[in-house]
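Some notes on the structure that comes next.
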Amino acid sequence: MQVIELLHDLRVIWNNKEKIKMKENKNMGRLLVIGCGGVAQVAIQKCCQNSAVFTEMCIASRTVSKCDALKDKLEKQGTPVKITTATVNADDVNDVVKLIKEYKPEAVLNVALPYQDLVIMDACLECKVDYIDTANYEPEDTDDPKWREIYEKRCKEKGFTAYFDYSWQWAYMDKFKEAGITGLLGTGFDPGVTSVFTAYAKKHYFDEIHYIDIMDCNGGDHGYAFATNFNPEINLREVSANGSYWEDGHWVETKPMEIKRVYDFPEVGQKDMYLLHHEEIEALGRNFPEVKRIRFFMTFGQSYLDHMRCLEDVGMLSTSPINFDGKEIVPIQFLKALLPDPASLGPRTVGKTNIGCIFRGIKDGKERVVYIYNVCDHQECYKELGSQAISYTTGVPAMIGTALVMSGKWKKPGVYTTDEFDPDPYMEMLNEYGLPWVVDENPVLVD
Ligand code: NDP
């Protein structure tokens with residue numbers, strides 16, 4: 001047994017050495033970005049502000065014209081980063097492998113959709129390059145019987161019914177270790193920064209954290225009666241699902257929007273917020289076993305909720321294909337085509353976001369409360385990068401996580417979430433790249 005373990009360790013060391021040798025050659029600083037939507041456009045522009053780490057970049061997506069337009073904009077601004085573009089279908093592993101082999105990046109940043117996570121991870125594994133994303137895997141076709149069988153088993157075993165969970169990507173842990181590559185999962189704001197806030201609170205403020213309330217408040221107004229701030233399909237699936245929270249080592253599930261609280265957010269004001277299931281709870285519950293309860297709240301206005309309920313009631317949020325006039329269409333995808341493109345909301349959105357976490361726990365035997373949050377102004381984001389604050393607050397952390405992996409500070413073969421690394425360099429970069437944070441040691445609690 002010991003000999004087998006030794007051989008395994010030697011193989012991991014050898015693979016890592018090979019990887020380091022490859023890096024020393026020519027791939028250093030070269031990033032492949034997949035996707036060119038709202039989040040990607042911010043991440044890419046932020047990479048260009050950090051050209052000490054990112055020297056060359058290939059922007060690849062299904063619609064290459066979007067990549068070309070962004071490349072032109074950045075080149076006109078005089079970016080020192082050498083940019084190329086490519087067409088890629090990230091639902092096809094061979095297509096992604098072909099592009100990685102041609103471009104030879106040091107890492108791949110996946111800012112396409114969660115549907116593509118596993119295909120892109122498989123391609124990174126085959127080519128031995130690091131992998132970074134902002135949202136955990138969920139399938140596009142939730143009627144697929146093979147997926148459904150595993151999903152229904154998981155619902156029973158774990159006690160939550162969301163379509164997404166980490167098991168699919170955590171299953172890559174050993175394969176990534178053996179290949180000597182890092183997989184950084186969920187480096188957006190939530191998940192992403194909220195988990196870094198947790199690691200930072202634990203490192204600097206607590207011996208034990210007992211309660212975490214994550215609160216995502218969007219006080220922005222885009223003037224439409226109904227629009228979503230990021231990909232409508234992913235957003236509406238998340239918001240219309242059952243809520244859930246983590247308590248005493250297990251999940252407690254609620255009906256959609258069943259738990260409502262009102263909170264007075266710094267710099268935004270009083271808002272209604274609702275308890276949702278959210279992916280970072282799963283990772284935090286596993287990695288901080290002393291935590292007694294973790295909840296996630298998001299603010300919604302009445303108009304958004306009324307429209308969503310009506311669309312749901314008439315079947316427009318369904319992910320199951322229907323036959324219309326001899327053509328197969330998926331209702332939620334048709335709805336996406338009707339709604340404003342989130343990337344187009346920038347010029348018309350005013351107001352601020354406030355996203356953060358309230359921690360309660362123990363330090364030196366005494367009870368302590370700490371609230372860490374960021375406030376971001378939609379119009380300031382638009383002035384800087386031409387985007388609204390939701391894409392901005394996701395795209396900046398996507399760049400930061402990628403930079404930390406590529407600079408070696410967050411390099412660790414295997415598959416990890418952002419709470420599993422030293423939070424300090426990430427927190428410094430948040431201040432440096434446009435998402436400064438505040439620590440309040442006397443906040444109002446959520447009941
Ligand atoms: P968009 O819909 O604006 O952009 C998605 C991009 O992916 C588009 O450029 C699209 O290309 C491309 N794409 C889709 N399918 C494929 C494919 N098969 N092959 C290649 N490219 C493809 O989404 P967002 O920018 O709003 O969101 C991006 C990601 O960020 C999502 O995973 C989302 O869940 C995540 N997110 C994370 C947050 C966090 O805080 N952690 C918050 C908000 C979002 P095309 O347009 O040409 O079809």
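Predicted, not measured: the structure shown is a model, and the values here were computed from it.
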Is atom [atom1] of [X] surrounded by more than 12 heavy atoms (other residues, nucleotides or ligands) closer than 6.0 Å?
{"X": "Arg148", "atom1": "CZ", "value": "yes"}
{"X": "Lys203", "atom1": "NZ", "value": "yes"}
{"X": "Glu441", "atom1": "CD", "value": "yes"}
{"X": "Gln77", "atom1": "CD", "value": "yes"}

Write down the atom of [X], the atom of [Y], and the distance for their closest heavy-atom approach.
{"X": "Ile358", "Y": "Val444", "result": "CD1-O, 3.5 Å"}
{"X": "Ala90", "Y": "Ile120", "result": "CB-CD1, 4.0 Å"}
{"X": "Asn218", "Y": "Ile390", "result": "ND2-CD1, 3.7 Å"}
{"X": "Gln379", "Y": "Thr349", "result": "NE2-O, 2.7 Å"}

Can you measure from [atom1] ([X]) to [atom2] ([Y]) and round to the nearest 0.5 angstrom?
{"X": "Cys124", "Y": "Ile100", "atom1": "SG", "atom2": "CD1", "answer": "4.5 Å"}
{"X": "Gln116", "Y": "Asp122", "atom1": "CD", "atom2": "CG", "answer": "13.0 Å"}
{"X": "Leu445", "Y": "Tyr263", "atom1": "CG", "atom2": "OH", "answer": "7.0 Å"}
{"X": "Leu404", "Y": "Thr182", "atom1": "CG", "atom2": "OG1", "answer": "11.5 Å"}
{"X": "Leu118", "Y": "Asp133", "atom1": "CG", "atom2": "CG", "answer": "9.5 Å"}

Just checking, any donor-acceptor pair under 3.5 angstrom between side chains of [X] and [Y]?
{"X": "His222", "Y": "Asn229", "answer": "no"}
{"X": "Tyr373", "Y": "Asp440", "answer": "no"}
{"X": "Asn136", "Y": "Asp117", "answer": "no"}

[X] side chain near [Y] side chain, heavy-atom distance below 4.5 Å:
{"X": "Phe160", "Y": "Asn242", "result": "no"}
{"X": "Met257", "Y": "Val239", "result": "yes"}
{"X": "Gln41", "Y": "Cys36", "result": "yes"}

Using the test side chain to side chain donor-acceptor pair (under 3.5 Å), find all partners of Ser244 that sit at least two apart in sequence or belong to another chain. His277

Listed by chain and number, what are the side chain to side chain donor-acceptor pair (under 3.5 Å) partners of Thr402, not counting sequence neighbours? none

Could you check whether Arg293 makes a cation-pi contact with Tyr245, meaning its NZ or CZ is under 6.0 Å from the centre of the six-membered ring and within 45° of the ring axis? no

Salt bridge present between Glu138 and Arg237 (N-O < 4.0 angstrom): yes

Phe421 ring center near Tyr416 ring center (under 6.0 Å): yes

